[in-house]
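Worksheet: the structure to be examined is printed underneath.
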Amino acid sequence: MGKEYDLAIVGAGPAGLMAAVTAAQEGFKVVLIERKKEIASVFRSCCTMLIIEPGTHGEFVTLEKEKIVFHRTDFSVPYHGPSIPLRQMIKFSPKGYKFIVERNEDPVAIAMSKECILEELLQRAQTLGVDVVSPAQAIKAENLTNSVRVTVEQNERTFEVTAKTAIAADGVNSRIVDTLGLNKTRRHFGTMQVLSYFLEGVECPYPPAWMVFVGKGHTPSRMGQIYFFPKPQKSGPPVYELTYGLPVAQKGSMRGDIQWFLEKGACSSWFQKAKMVRTVSAVLKFYTPIPEPIAGRILIVGDAASYIEVYVQGALMYGYEAAVAVANFLKKGKGLEDYGAFWKKTYGYNQPGAIEAALQGFGLHVLEDEELDYLFSLTEKERYKGYVNEHSSKETTIGALKSLIGQIKMEKPALAAKIEQFDQVSADELLQVSRKDKQ
């Protein structure tokens with residue numbers, strides 16, 4: 001392509017599209033390179049929940065008047081799609097005992113449609129004159145003296161796109177990040193596989209909730225973890241999404257595990273009339289975040305720079321901030337460093353101890369099934385205050401169990417010792433990964 005751009009963006013997810021819209025609104029020439037043909041369609045596992053706990057990634061986000069509002073960063077994103085307020089977070093032990101989090105009349109999170117978010121942003125980008133190159137694979141980005149060169153493969157040909165700046169927003173398994181050599185200094189925790197089923201006809205007895213099935217006894221392989229929640233659709237009635245994740249090196253059938261859970265698990269009665277309407281999957285490499293998400297004139301944005309993900313709302317926020325930094329740089333010759341400073345300050349997993357704390361909140365499955373059944377039998381009738389948020393999960397869940405430690409010490413002293421020493425469990429054990437998973 002002979003045309004020179006102000007900004008080349010790799011990846012048309014929420015981060016890339018938000019950056020494209022923001023830069024184009026400032027009058028800059030933008031090209032967006034995306035490997036998918038149907039940009040607004042979602043073919044990978046993605047829960048797409050609005051995490052509304054104040055302070056998440058330094059923000060306070062709400063859904064109001066057909067807009068996703070970012071109160072601290074001071075911008076908003078139009079959203080005319082469906083949503084489902086989730087009234088509870090429920091964790092189930094293998095025998096079905098519960099740990100329930102709620103906030104009176106307010107939701108603990110809001111389920112949304114990623115397709116609607118992408119569709120509105122794409123339409124806006126195209127209206128503003130953004131050039132969209134799709135389907136095409138950006139295979140590398142290089143800094144030149146005063147520009148960036150992106151090498152692209154499309155329809156069995158290779159060509160180059162030149163721009164004054166670039167944004168890599170090509171997801172958690174970013175090819176651009178890898179070719180820039182930025183993964184070499186990151187800690188690799190392991191590689192996970194995720195499989196999601198979308199189900200109609202589920203007879204769930206609970207209000208709309210984010211449900212987690214904790215413990216080894218929920219699957220025959222005794223591995224991984226299952227999540228379940230109502231999912232709004234761009235058109236038609238809501239479905240339920242059932243997502244199962246475990247390390248890639250683990251043997252066994254993910255589909256077999258899910259089928260057993262649906263037919264024989266503690267909540268199998270919910271699924272007697274259920275029908276599977278669609279499946280999606282993903283493979284995710286777990287790295288520590290990129291501490292310096294700027295390589296010359298290339299900014300690394302969204303999941304590409306993160307530990308696992310930044311959530312859809314984080315992708316929107318960091319895409320917006322990256323584009324603002326690029327606009328300032330193109331106007332004044334400086335400003336890219338502002339994005340780096342914002343990333344360091346706000347992204348939750350950049351803060352010391354945050355990854356370990358989140359893993360401890362996630363990792364109750366390291367306990368034995370009978371231990372989880374006992375603990376959740378104690379919490380069964382209680383309601384704990386909190387949100388769906390991995391950053392506060394340890395405080396909510398482990399904190400609640402520690403509040404019962406007196407009784408647990410009397411009845412199960414060995415289990416009480418495990419709870420009191422939970423912060424000493426290794427990250428590998430909490431993630432159920434081995435050396436093979438890290439290769």
Side-chain angles (χ1 to χ4, degrees), residues 88-103 108 189-190 192 206 209-228 243-247 250 252 257 260-261 264-268 286 353-434 437:
Q88 295 179 330
M89 177 180 70
I90 311 174
K91 295 185 178 184
F92 294 89
S93 74
K95 287 187 177 179
Y97 294 107
K98 299 179 291 295
F99 178 91
I100 299 177
V101 171
E102 62 183 17
R103 299 183 58 239
V108 296
F189 289 93
M192 304 291 169
Y206 297 97
W210 170 252
M211 290 167 263
V212 186
F213 295 87
V214 185
K216 303 176 181 68
H218 290 294
T219 63
S221 70
R222 300 183 64 78
M223 295 294 299
Q225 199 159 96
I226 293 173
Y227 304 90
F228 184 67
T243 291
Y244 177 42
L246 77 168
Q250 299 300 331
D257 277 352
W260 186 95
F261 173 81
K264 300 180 181 180
C267 300
S268 59
F286 284 24
I355 291 177
E356 292 77 11
L359 288 175
Q360 289 160 26
F362 159 84
L364 283 177
H365 53 257
V366 301
L367 299 176
E368 297 302 320
D369 285 354
E370 57 270 22
E371 293 174 329
L372 288 167
D373 287 328
Y374 165 76
L375 290 172
F376 285 11
S377 73
L378 301 182
T379 65
E380 175 99 345
K381 296 181 181 179
E382 300 295 328
R383 297 295 181 268
Y384 298 91
K385 299 299 180 185
Y387 297 83
V388 176
N389 188 349
E390 59 204 87
H391 293 285
S392 59
S393 180
K394 177 185 176 182
E395 180 182 351
T396 303
T397 308
I398 305 300
L401 296 180
K402 285 187 175 181
S403 72
L404 300 169
I405 203 70
Q407 180 179 352
I408 300 169
K409 280 183 176 180
M410 288 191 297
E411 298 175 352
K412 304 275 186 180
L415 176 56
K418 284 187 180 181
I419 295 170
E420 289 182 321
Q421 299 172 13
F422 209 70
D423 57 358
Q424 298 177 25
V425 181
S426 72
D428 288 352
E429 188 176 355
L430 291 167
L431 283 170
Q432 300 176 309
V433 297
S434 63
D437 296 310

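Nothing here was measured: the structure is a model prediction, and the numbers come from that model. All values below were derived from every heavy atom in this structure, side-chain atoms included, with hydrogens, water molecules and symmetry-related copies excluded.
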Does atom NZ of Lys95 have more than 12 heavy-atom neighbours from other groups under 6.0 Å away? no
Under-4.0 Å salt bridge between Lys409 and Glu420: yes
Applying the ring pair (Phe, Tyr, Trp, His ring centres under 6.0 Å) criterion to His218, which one of Phe213, Phe228, Tyr227 satisfies it? Phe213
Could you tell me the separation between the NZ atom of Lys91 and the OG1 atom of Thr397, rounded to the nearest 0.5 Å? 3.0 Å
So which heavy atom on Asp423 is nearest to which on Lys394, and how close? CB-NZ, 4.2 Å
Closest heavy-atom contact between Gly96 and Ala266? N-CB, 4.1 Å
For residues Val108 and Met89, report the shortest heavy-atom separation together with the two atoms involved. CG2-N, 4.0 Å
Test Lys216 against every option in Asp369, Leu367, Leu372 by the side chain to side chain contact (heavy atoms under 4.5 Å, CB included) rule and name the one that passes. Asp369
Residue pair Gly224 / Tyr244: nearest heavy atoms and the distance that separates them: CA-CE1, 4.0 Å
Greater than 12 external heavy atoms within 6.0 Å of Glu395's CD: no
Report, as yes or no, whether the 6.0 Å neighbourhood of atom OH on Tyr97 holds more than 12 heavy atoms from other residues, nucleotides or ligands. no
Residues Thr379, Phe376; criterion side chain to side chain contact (heavy atoms under 4.5 Å, CB included); working and verdict: CA-CA 5 Å; Thr379 65; Phe376 285 11; 4.1 Å; yes
Heavy atoms only: give me the nearest Tyr206-Lys98 pair and the separation to one decimal. OH-CD, 3.2 Å
